[in-house]
Amino acid sequence: MLENIRDTWKSLIETHLAHIIEQEVGGQSTLPPLVAQVPPKPEMGDIAFPLFAYAQLLHIGAPILAKRLKERIEALDDRPTGELLVSGPYLNIKIDVASLATALNATIQEAGEGYGANGSLDGKRVVIEFSCPNTNKPLHLGHMRNDSLGMSMAAILKANGADVRKVNLINNRGVHICKSMLAYQKFSNNETPQSSGIKGDHLVGNYYVKFAQWAKEDPTAEEQAQQMLKKWEEGDSEVMALWQRMNEWTMAGLYESYEAMGISFDAYYWESETYTYGKDEILKGLDEGVFYREEDGSVWVDLCDIKLDKKVLLRSDGTSLYITQDVGTAIMRHKDWPFDAHIYVVGSEQQYHFKVLFSVLERLGYQWAKSLYHLSYGMVNLPEGKMKSREGTVVDADELLASLTALAEEEIRAKGREELVGDIAHTSRAIALGALNYYLLQVTATKDMIFNPAESISFNGNTGPYLQYMGARISSMLAKFHSEQREVEALPFDASLLSLSDERELIKLLARYPEVVAKAGAEYDPSLVTAYLYDLSKLFSRYYHDNPVLKAPSPALVRARIALVRMVDQVLKNAFTLVGIPYLASM
RNA sequence: GCGUUCGUAGCUCAGCUGGAUAGAGCGCCGGACUUCGAAUCCGUAGGCCGAAGGUUCGAAUCCUUCCGAGCGCACCA
């Protein structure tokens, strides 16, 4: 909405700039592009156009040029609504906020939860792969960052019109899986999740830890694990049975965690089925001369020309590697469901791997290889330093969620809101999720981050619950309005009454929301949405704190402010769904 | 060593397709609840934006070098 206004002014000013420059210095074919900015202070207007570059061409001061442009445009009979201001070397526009508010109100009311969405990716299919846990241990904090990013990106891309397919590739085979199996075989006395009362993924994880301890004492442990892997590959019935049993335990646990954290997928893939993929593709590439074979029989790709070194694609015994199966899996997925883009949400430690993977696919001649994207994210560290599984400092996902939930519940009870909140368990969980997702998504994905548990549960300041609180306050305000001032609803909405500085700022911010959704989609960056949410909430908090809505001086003003509050409410709701923050009417 | 990501307030983070005095939160100190729920709001203090050069009318933002940190550099995944 704001974009249209900006573009209108921009092209108008551009035209007149071109005219002036042509008159003064003759046919300048390439003018520098005019950039639109936001003035640092509201009283300077709403849109700013710096004129330095043009003034230089004309050999005059920018303020003089600004003045000339202003006079010239003001002389026009039909020009857009709004006011021109000269502010030093800038030509600024003070937009007509009342007409913007009127249009915005109609748009938001009509679009509802669709406000902010756009069709830029209409008809485009996007696969997004994330989570991809191993079946030998429960989820930890690192996975949570991955899952938050994956879920959020999927929602953002949908809001941009894409047909999104969320996929999860479960790493359910390999030596590391055999390790927990082996330890279980040796030390378990056949305990089960049922007999022990331990959640399946945690039970299996215990044996993975057990293996590490055992391997320290018994040097043959690693060798035994390798032997078990061999048996697995041969389909040994005893090993297969154990594998199946333990994988089921883990998966049951993981499904439970996903459910609790609001994470879902459209398709699951299993490494036990995909690990042999890609071999044929590599051999085909070998035939085509894209790859080469070493004397020992291994197949390689030489990526030195793009500074990526040489990489093995097939072992000398002809078996696949991690990269081989990734090549095969990508090709298979494109056959199954021809996509326009494929995003892999994977930690930054695998950047090199993905560069190689994408290059290999490109060399195999797949045009779509260019649409592959590694959404890389940094490590999650603790205030004390890195999480170390050996030192037991890994933050378990289930435990973290449980403790956040307990704290939220404590807070609700401390405020005596048990009755008002309704389902206290549900509400506490929703607050915990809001806190977690916001905390994890507010940081730029590529950066490493420090997760401070104490801070994430504080619920004060720049946090998820702060945003949820805004929603709850608005809900209760609107409920009160409906029960006490229904008759005011009948009054017409007069946007010109919203003339306070904060009201103007709120309206502009609300009008900017669609641009945020578009940018987050184009740049694959959920943190743009969290940043926007915080700006909106902060501005709104101050506004309703300082200015009564239900007790505004006149019914007409009550009506106008209620309209504004409803717009804020709708945008909060819409943005919440993009970053995994549950909306709560009461908390 | 090579590649890559990053160095902004005491701490955690924004701002980075160059533009008007560098912003939040936490913490510190001080205010505001007979007023739409104080999980809130307001204010004070706190920065040679890692360092040095360069490009530019203008650089936290772009380029180079250096310093410091993370992560890669397996016929592991």
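Numbered from 1 within each chain, the chains take letters A, B, ... in sequence-line order.
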Point to revise | Minimum-distance nucleotide to A/P548 side chain [options: B/U40, B/C36, B/A20] | key: B/C36
Check your understanding: Rounded to the nearest Å, what distance is computed from the CZ atom of residue A/R417 to the P atom of nucleotide B/A39?
Key -> 9 Å
Check your understanding: Can a side chain N or O of A/Q56 be found less than 4.0 Å away from OP1 or OP2 on B/C57?
Key -> yes
Review point. Taking the six-membered ring of A/Y544 as reference, does the NZ or CZ atom of A/R473 fall below 6.0 Å from its centre and within a 45° cone about the axis?
Key: no
**Study point:** A/F451 side chain reached by A/R145 side chain, heavy atoms, under 4.5 Å
**Key:** no
Exercise for review: State whether A/S476 places a side-chain N or O below 4.0 Å from either non-bridging phosphate oxygen (OP1 or OP2) of B/G37.
Suggested key: yes
Check your understanding: To the nearest Å, how far apart are A/E418 CD and B/G37 P?
Key -> 18 Å
**Study point:** Residue whose closest nucleotide on RNA chain B lies nearer the 5' end, A/A408 versus A/T444
**Key:** A/T444
Point to revise | Rounded C1' spacing from B/A74 to B/U12 in Å | key: 36 Å
Point to revise | Distance between P atoms of B/G23 and B/A60 (Å, rounded) | key: 13 Å
**Study point:** Nearest to side-chain heavy atoms of A/S87, which nucleotide of B/A39, B/A20, B/C42
**Key:** B/A20
Check your understanding: For A/Y534, which contact category applies under a 4.0 Å heavy-atom criterion: base, sugar-phosphate, or nothing?
Key -> sugar-phosphate
Check your understanding: Taking atom C1' in both B/C13 and B/A22, what distance in whole Å separates the two?
Key -> 14 Å
**Study point:** Within 6.0 angstrom of A/E43 CD, more than 12 heavy atoms from elsewhere
**Key:** yes
Revision key, fill the gap. Regarding the side chain of A/E455, the nearest nucleotide among B/G70, B/U12, B/C36 is B/U12
Check your understanding: Which nucleotide sits closest to the side chain of A/P40: B/G37, B/C76, B/A20?
Key -> B/A20
Review point. Is A/F52 stacked on the base of B/G19 when the test is centres under 5.5 angstrom and planes under 30 degrees?
Key: yes
Check your understanding: Rounded to whole angstrom units, what separation is found between the NE2 atom of A/H353 and the C1' atom of B/C71?
Key -> 15 Å
Check your understanding: Base, sugar-phosphate, or nothing for A/Y90, non-hydrogen atoms under 4.0 angstrom?
Key -> base
Check your understanding: Does the side chain of A/K538 get closer than 4.0 angstrom to OP1 or OP2 of B/G25 through an N or O atom?
Key -> yes
**Study point:** Integer-rounded Å distance: B/U8 P and A/K447 NZ
**Key:** 8 Å
Review point. Between B/C36 atom C1' and A/M470 atom CE, what is the distance in whole Å?
Key: 12 Å
Review point. Roughly how far apart, to the nearest Å, are B/C16 and B/C49 at atom C1'?
Key: 11 Å
Check your understanding: Among the nucleotides B/U40, B/C71, B/U5, which one has an atom lying closest to any side-chain atom of A/M379?
Key -> B/C71
Exercise for review: Walk me through it: do A/K508 and A/E505 pass the test salt bridge (charged side-chain N to carboxylate O under 4.0 Å, His left out)?
Suggested key: CA-CA 5 Å; A/K508 284 192 291 174; A/E505 294 307 305; 3.2 Å; yes
**Study point:** A/H426 atom NE2, neighbour heavy-atom count above 12 within 6.0 Å
**Key:** no
Review point. NA contact type, A/N92, heavy-atom cut-off 4.0 Å: base, sugar-phosphate, or nothing?
Key: base
Check your understanding: B/A77 P sits how many Å from A/K137 NZ, rounded?
Key -> 15 Å
**Study point:** Proximal nucleotide (of B/C36, B/C13, B/U4) relative to the A/K551 side chain
**Key:** B/C36
Check your understanding: Base, sugar-phosphate alone, or nothing: which one does A/E271 contact when heavy atoms must sit under 4.0 Å apart?
Key -> sugar-phosphate
Exercise for review: Check every strand shown and say whether A/V443 touches a base, only sugar-phosphate, or nothing at a heavy-atom separation below 4.0 Å.
Suggested key: sugar-phosphate
Review point. With a 4.0 Å cut-off on heavy atoms, is A/S586 in touch with a base, just the backbone sugar-phosphate, or nothing at all?
Key: base
Check your understanding: OP1 or OP2 of B/A77 less than 4.0 angstrom from a side-chain nitrogen or oxygen of A/Y352, does that happen here?
Key -> no
Study note, to complete from the structure: A/N381 CG to B/C13 P, in whole Å, measures 9 Å
Check your understanding: Looking at side-chain heavy atoms only, is the closest gap between A/L84 and A/L91 below 4.5 Å?
Key -> yes
**Study point:** Spacing of the C1' atoms in B/C41 and B/G3 (rounded, Å)
**Key:** 50 Å
Check your understanding: Under 4.0 Å between a side-chain N/O of A/Y469 and OP1 or OP2 of B/A39, yes or no?
Key -> yes
Exercise for review: Using the C1' atom as the reference point in each nucleotide, state the distance between B/U56 and B/C62 in Å, no decimals.
Suggested key: 10 Å
Review point. What nucleotide among B/C57, B/U40, B/A77 has an atom nearest to a side-chain atom of A/N460?
Key: B/U40
Review point. Which dot-bracket notation, 5' to 3', represents the base pairing of RNA chain B when pairs are defined as Watson-Crick or G-U with both distances under 3.5 Å, crossing pairs as [ ], and inter-strand pairs as |?
Key: (((((((..((((.....[...))))..((((.......))))......(((((..]....))))))))))))....
Check your understanding: Do A/E129 and A/V167 come close enough that some side-chain heavy atom pair is under 4.5 Å?
Key -> yes
Check your understanding: Are any of the side-chain nitrogens in A/E411 or A/R417 under 4.0 Å away from the carboxylate oxygens of its partner?
Key -> no
Point to revise | A/Y469/A/F459 aromatic ring centres below 6.0 Å | key: no
Practice item. Scan A/L420 against the nucleic acid and name what it touches under 4.0 Å (heavy atoms): base, sugar-phosphate only, or nothing. Key: nothing
Review point. Counting any heavy atom closer than 4.0 Å, what does A/S316 reach on the DNA or RNA strands: base, sugar-phosphate only, or nothing?
Key: base
**Study point:** B/G46 versus B/U40 - spacing of their P atoms, nearest Å
**Key:** 26 Å
Review point. Would you call A/E515 and A/R6 a salt bridge, taking side-chain N to carboxylate O under 4.0 Å as the test?
Key: yes
Exercise for review: Walk me through it: do A/D317 and A/T319 pass the test side chain to side chain donor-acceptor pair (under 3.5 Å)?
Suggested key: CA-CA 6 Å; A/D317 65 3; A/T319 54; 2.6 Å; yes
**Study point:** Same-atom distance (C1') from B/A9 to B/C48, integer angstrom
**Key:** 14 Å
Check your understanding: Out of A/Y439, A/Y534, A/Y438, which one pairs with A/Y466 under the ring pair (Phe, Tyr, Trp, His ring centres under 6.0 Å) rule?
Key -> A/Y534
Practice item. Name the nucleic acid region contacted by A/R473, choosing base, sugar-phosphate or nothing; use a 4.0 angstrom heavy-atom cut-off, strictly under. Key: base
Review point. With a 4.0 Å cut-off on heavy atoms, is A/P39 in touch with a base, just the backbone sugar-phosphate, or nothing at all?
Key: base
Check your understanding: What's the OH-C1' distance between A/Y438 and B/G25, to the nearest Å?
Key -> 9 Å
Practice item. Quick one: label A/K415 by what it contacts on the DNA or RNA (base, sugar-phosphate, nothing), any heavy atom closer than 4.0 Å. Key: base
Practice item. Describe the nucleic acid contact of A/L313 in one word from base, sugar-phosphate, nothing, applying a heavy-atom distance below 4.0 Å. Key: nothing
**Study point:** Under 4.0 angstrom between A/S541 side-chain N/O and B/U40 OP1 or OP2
**Key:** no
Review point. Under 4.0 angstrom, heavy atoms only, what part of the nucleic acid is A/N452 near: base, sugar-phosphate, or nothing?
Key: nothing
Revision key, fill the gap. By nearest-heavy-atom nucleotide on RNA chain B, the more 5' of A/D546 and A/N462 is A/N462
Review point. Under 4.0 angstrom, heavy atoms only, what part of the nucleic acid is A/Q468 near: base, sugar-phosphate, or nothing?
Key: nothing
